[in-house]
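A short worksheet on the structure shown next.
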Amino acid sequence: MDMSFPLVSAPALAAPPAAARRPTGNDIDRRVRAAVGRTTGTMSVASGLLAAADWAMNLTVSPGKQMELGLQFLDYVSQVARYDIACWIAGDGDTRRFIEPPAHDRRFADDAWLQWPFNVLHQAFLLYEQLWSQATHGVSGVERHHEELVSFAARQLLDVASPGNALLTNPVALQRTYAEGGQNLMRGFGNALLDMQRLAAGMPPPGAENFVVGRDVAVTPGKVVLKNRLMELIQYAPSTAEVIPEPVLLVPSWIMKYYILDLSPGNSLVKYLVDRGHTVFCVSWKNPGADERDLGMDDYLRLGLWSALDAVHAIVPDRKVHALGYCNGGTLLAIGAAAMARDGIDRLASMTLLAAQTDFKEPGELGLFIDEAQITLLEAQMAETGYLTTGQMAGAFHMLRSNDLLWSRVVSHYLLGESGDMNDLMAWNADATRLPARMHSEYLRQLFLHDDLAENRYIVGGRPVTLGDVKLPVFLVGTVTDHVAPWRSVYKLHYLSPAEITFALTSGGHNAGIVNPPGKGHRRYQLLTSGAGESRLDPDRWLAAAPELEGSWWPAWHEWLRSRSAAPADPPRMGIAGERRLEDAPGRYVKEK
């Protein structure tokens, strides 16, 4: 059987130097778009205006919808008035709500919001949110993407207007100000000045300097056993006398530094695996600059996944690999597994995907920022620099979770004067990475925009791949509050592959649900296996059928791996035979700024 990987070639995108040719119309347009992107925070004004016009024009010719909204508004006004009168009659002892906030909305959780007039204020605001939700949904004729954009924009504007964001309409802040004689506002002013200074200087949030890579985080002992222009491969030293023979290869996302999987020792998935007898390898992606602008998805497959598998095979020969991919690293792993299955390459024992999408038809709210106009704007900016920075993406991610990431900070840091403690996950989140121009454009167009992988059109080695060829046992993890890879989208692998799939749905979000060590409180997950070739439950039926378990999903995954591995044996050597110079983990690429 041929064990070589499919040939992946990527034609160069290099253009003649600008001085050697006259600028074309496309060059001028690209420069204008890049300037627009810098002004708008990489948000496409065209997409927003088209969506608003589509919604407004169709609402204008929908008198029935207008009538419903008008009647609903009058009903809401009546409800608020009746509630206000009932509260006056009942006095301060009445702590009723006639509308409860969504379970994830903690803005009005404090009992101070139950006192008049703040109870009426926040209840009216919640009703107003409901009214706008109805106004932006269900308007006949509006394109779905436009409907989602308008609804999202309305939520952003309403978030700004929340009574919790202003001192005079926030009872918690008023109580704190009275109790402390305004000292909280002085501290909040200081916090705001410090944040602005650090932002202007390009510095991470206060406290991030206490989590140094290689000293406080990413400290599991190991060696860099392979290095190329795109990644370093780390092999971790064994901590047990015998190890499970089948190695584990971790393929993290290239949108993040790898050490989210090796945070401080108590939060490290790598250390957890090593301490339980696994031989662990992990890809550490290079933080690309302008020199890497022409690296594409094929390069990430060839220089990343397949080069890593070659090295693991050289160190641990005659053993199949348990491969894990996280976020878009999981998407890359699924593409590679499909190509290997197509070409008869049998190197994987199993595949684990963490918060990784393979079907992008419903990618969640992140899809709001992915359409032709938005991608063209991003491509114009990347053409100037050769890469996309995390800062250029930060606006979209903050808007997706504006209450959690923005307004809650405004309230706690500036109104209440609190200084939040930095932790390892927060410090990691502030350790920004970049994305090569070519790769990011291909990723957005081929996967998000055209959904080529799920539609069996994704090309590897000149031929399309299909996830239907993947027959490996799969452990699939989704997280309940994931805004980047919603669990229902992650779940769709069930419909693309006939493999045995064990799906774990865990509490938490895209990062906190994965960094989920045993022993932490308030963690739970659901787990259920669908056998190979069996009919699949839809997500709602799965949710009802899967038993709910307390604690972390890590032990369940470890047992799943162990049940698909041979008996423990002596540890393999460190590094590839004949390679004498081995650099200590975490290597150099992870430290690049």
Is the backbone of Gly587 close enough, under 3.5 Å, to the side chain of Glu232 for a donor and an acceptor to pair up by distance? no
Go through Phe360 and His450 one step at a time and tell me if the side chain to side chain contact (heavy atoms under 4.5 Å, CB included) criterion holds. CA-CA 8 Å; Phe360 291 81; His450 300 146; over 6 Å; no
Quick one: does Asn191's side chain have a donor or acceptor within less than 3.5 Å of a partner on His413's backbone? yes
Are side-chain heavy atoms of Leu561 and Ser350 found at a separation under 4.5 Å? yes
Close side-chain approach of Val219 to Arg215, heavy-atom, < 4.5 Å: no
Could you check, using the six-membered ring where one of them is a Trp, whether His558 and Phe475 have ring centers closer than 6.0 angstrom? no
Could you check, using the six-membered ring where one of them is a Trp, whether Trp113 and Phe108 have ring centers closer than 6.0 angstrom? yes
Could you tell me which non-hydrogen atom of Thr169 sits nearest to which non-hydrogen atom of Pro163, and how far apart they are? OG1-O, 2.7 Å
May I ask you to say whether Glu147 pairs ionically with Arg144, meaning some side-chain N is under 4.0 Å from a carboxylate O? no
Within the distance-only criterion (no hydrogens, no angle test), does the side chain of Ser268 pair as donor or acceptor with the backbone N or O of Ala218 below 3.5 angstrom? no
For the side chain of Ser239 and the backbone of Val274, is there at least one donor-acceptor N/O pair under 3.5 Å apart? yes
Short question: side chain of Asn184, backbone of Leu416 - any donor-acceptor pair under 3.5 Å? no
Side chain to side chain contact (heavy atoms under 4.5 Å, CB included) evaluation trace for Thr331 with Leu447: CA-CA 9 Å; Thr331 306; Leu447 295 170; 3.9 Å; yes
When you compare the side chain of Phe211 with that of Met426, does any pair of heavy atoms fall below 4.5 Å? no
For the pair Tyr491 and His494, name the ring-plane relationship: parallel under 30°, tilted 30 to 60°, perpendicular over 60°. parallel
How long is the span from the CG atom in Asp359 to the CG atom in Leu467, to the nearest 0.5 Å? 9.5 Å
Check for a donor-acceptor pair, side chain of Glu209 on one end and backbone N or O of Gly207 on the other, with a separation under 3.5 Å. yes
Separation between SG of Cys327 and CG of Leu332, rounded to the nearest 0.5 Å: 11.5 Å
Whether the Glu418 and Ser412 side chains hold a donor-acceptor pair (N or O, under 3.5 Å, no angle test) is what I'd like checked. no
Please name the residue in the list Asp159, Asn165, Val411 that meets the side-chain contact (heavy atoms from CB on, under 4.5 Å) test with Arg107. Asp159
Report yes or no: do Thr433 and Asn287 form a side-chain donor-acceptor pair below 3.5 Å? no
Can you tell me which residue among Asn423, Asp424, Asp262 is in a side chain to side chain donor-acceptor pair (under 3.5 Å) with Asn267? Asp424
Heavy-atom side-chain proximity of Leu233 to Val283 below 4.5 angstrom: yes
Please check: side-chain N/O of Arg523 versus main-chain N/O of Ser552, any donor-acceptor pairing under 3.5 Å? no
A cation-pi test, strictly: NZ or CZ of Arg276 under 6.0 Å from the centre of the six-membered ring of Tyr272 and no more than 45 degrees from its axis. Yes or no? yes
Kindly indicate whether the side chain of Phe448, heavy atoms from C-beta on, has any atom under 4.5 Å from the side chain of Gln357. yes
Under the 3.5 angstrom rule, does the side chain of Thr481 hit a backbone N or O of Gly508 as a donor-acceptor pair? yes
Can you see which heavy atom on Ala355 is nearest to which on Tyr326, and at what distance? CB-CE1, 4.3 Å
Nearest atoms (heavy-atom pairs only) where Ala341 meets Asp469: CB-O, 3.4 Å
Assess the residue pair Leu174 and Phe118 against the criterion (side chain to side chain contact (heavy atoms under 4.5 Å, CB included)); give the C-alpha distance rounded to whole Å, side-chain angles, the decisive distance to 0.1 Å, and a yes or no. CA-CA 11 Å; Leu174 287 174; Phe118 305 105; 3.7 Å; yes
Considering all heavy atoms, the nearest Leu348-Leu472 contact: O-CD2, 3.1 Å
To the nearest 0.5 angstrom, please state how far the CG atom of Leu309 sits from the CE atom of Met340. 5.5 Å
Is there a donor-acceptor pair closer than 3.5 Å between any side-chain N or O of Trp254 and the backbone N or O of Asn328? no
For Ile335 and Leu453: C-alpha separation, side-chain torsions, deciding distance, then whether side chain to side chain contact (heavy atoms under 4.5 Å, CB included) applies. CA-CA 8 Å; Ile335 292 170; Leu453 181 58; 3.8 Å; yes
Value for CG (Leu324) from CG (Leu353), rounded to nearest 0.5 Å, stands at 7.5 Å
Where Phe281 and Pro247 come nearest, the two heavy atoms and their spacing: CE1-CB, 3.9 Å
Hey, does Leu435 have a side-chain heavy atom less than 4.5 Å from the side chain of Tyr443? no
Scan side-chain atoms only and decide if Tyr525 and Asn516 contain a donor-acceptor pair under the 3.5 Å cut-off. no
When rounded to the nearest 0.5 Å, the distance separating CG of Leu444 from CE of Met439 is 8.5 Å
Is it true that atom CH2 of Trp132 has more than 12 heavy atoms of other residues, nucleotides or ligands lying nearer than 6.0 Å? no
For Arg106, is the CZ atom crowded, meaning more than 12 foreign heavy atoms sit under 6.0 Å from it? no
Hey, is Arg488 close enough to Asp540 for a salt bridge, meaning N to O under 4.0 Å? yes
Between the side chains of Glu592 and Lys257, is the shortest nitrogen-to-carboxylate-oxygen separation below 4.0 Å, so that they form an ion pair? no
Does Ile99 offer a backbone N or O that forms a donor-acceptor pair with the side chain of Gln123 under 3.5 Å? yes
How are the rings of Tyr300 and Trp285 set to each other: parallel, tilted or perpendicular (split at 30° and 60°)? tilted
Report yes if some heavy atom in the side chain of Trp557 is under 4.5 Å from a heavy atom in the side chain of Leu269; otherwise report no. yes
So how far is it from Ile501 CD1 to Glu534 CD, rounded to the nearest 0.5 Å? 11.0 Å
Please check if atom OH in Tyr128 has more than 12 non-hydrogen atoms from other residues, nucleotides or ligands closer than 6.0 Å. no
Quick one: does Asn429's side chain get under 4.5 Å of Met256's, heavy atoms only? no
Show the nearest heavy-atom pair for residues Leu149 and Ser47, with the distance to one decimal. CD1-O, 3.9 Å
Please find out if less than 6.0 Å separates the ring center of Phe369 from that of Phe152. yes
